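A short worksheet on the structure shown next.
Since the model is a prediction, treat every value here as computed from it, not as a measurement.
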Amino acid sequence: ENTVVFDLGDRVFSAPKGERFRQTTTWPGKQHLINGNHWSGQRQIYEGVISAAVVPTHSPFTRIYPTTINNLTYLGDMIEAYIDGVPVAMQHRAPYIWAEIGEGGYALAGHSHGRCLELNPADAKHGRILDVGVDNAIAYNGTPFFEWSEIKTIMARKPIVTRDHH
């Protein structure tokens, strides 16, 4: 009930009208969703909520974030948050540069299914960036998700890397 989940996209693939996705919006806890690149059913549900709220201005190009349906809040394509005082940039595709990159901030992403080695938990060269997708989580801890405590442990082993002058 008190769990906070950040889902970095592509929650449900094979339900183009959003049936399975709609079921996930009623799971307990507080869920936050970042758009992925496979979100057709999610988009239909999202646009239904938006069109009900802003009928006069609604178009396929109107997106308003955050938007909440049941226990799920749509956050758009990216969110920057402070979690336990740590600046965290979250989006579906891995960023190369993010806010607080040179100050120890974390970047969390999904999308790559563990295939980008520099985003994996064992990498110790490319900075505090991590693929927290299901494939990587299962390889790391046998579950489809990372706990915040695991992310902090992994990131403590990764160096702070600054890629630009900011």
Compile the donor-acceptor pairs under 3.5 Å between side chains in residues 127-140 and protein atoms, sequence neighbours left out, one pair per line.
| unit_1 | atom_1 | unit_2 | atom_2 | d |
| --- | --- | --- | --- | --- |
| R128 | NE | M155 | O | 3.2 |
| R128 | NE | K158 | O | 3.0 |
| D131 | OD1 | G133 | N | 2.7 |
| D131 | OD2 | S112 | OG | 2.8 |
| D131 | OD2 | G114 | N | 2.9 |
| D135 | OD2 | H113 | ND1 | 2.5 |
| N136 | ND2 | N120 | OD1 | 2.8 |
| N136 | ND2 | D131 | O | 3.0 |

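Rounding to the nearest 0.5 Å gives a distance of 4.5 Å between CG of N141 and CD of E150. Put simply, NE2 on H126 and CG on L119 are 9.0 Å apart, with the number rounded to the nearest 0.5 Å. Here T67 contributes atom OG1 and Y74 contributes atom OH; the two are 9.0 Å apart, rounded to the nearest 0.5 Å. Note: L8 CG to N35 CG = 11.0 Å, rounded to the nearest 0.5 Å. One finds the CG atom of L33 at 12.0 Å from the CD1 atom of I79 (value rounded to the nearest 0.5 Å).
Annotation for I101 and Y96: closest pair CD1-O, 3.9 Å, computed over non-hydrogen atoms. Minimum heavy-atom separation, V5 to T3: CG2-CG2, 3.8 Å. Annotation for Q91 and A94: closest pair NE2-C, 4.3 Å, computed over non-hydrogen atoms.
Under the 4.5 Å side-chain criterion, counting only non-hydrogen atoms from C-beta, W98 is not in contact with P87. With a 4.5 Å cut-off on side-chain heavy atoms, Y82 and V88 do not count as touching.
The backbone N or O of K125 lies less than 3.5 Å from a partner atom in the side chain of D123, making a donor-acceptor pair.
V4 is connected to V86 through a chain of hydrophobic side-chain contacts under 4.5 Å among Ile, Leu, Val, Met, Phe, Trp and Tyr, so both are in one cluster. Linking ILVMFWY side-chain heavy atoms closer than 4.5 Å, directly or via other members, places M90 and W148 in a single hydrophobic cluster. Residues L108 and M78 do not share a hydrophobic cluster, defined by chaining ILVMFWY side chains whose heavy atoms lie under 4.5 Å apart.
Note on ring orientation: taking the six-membered ring where Trp is involved, the planes of H32 and F6 are parallel (angle under 30°, cut-offs 30° and 60°).
Listed by first and then second residue, the salt bridge (Lys or Arg N to Asp or Glu O under 4.0 Å) pairs involving residues 71-97 are D84-K152 (not counting sequence neighbours).
D7 and Q31 are not linked by any side-chain donor-acceptor pair at a separation below 3.5 angstrom, with hydrogens and angles left out of the test.
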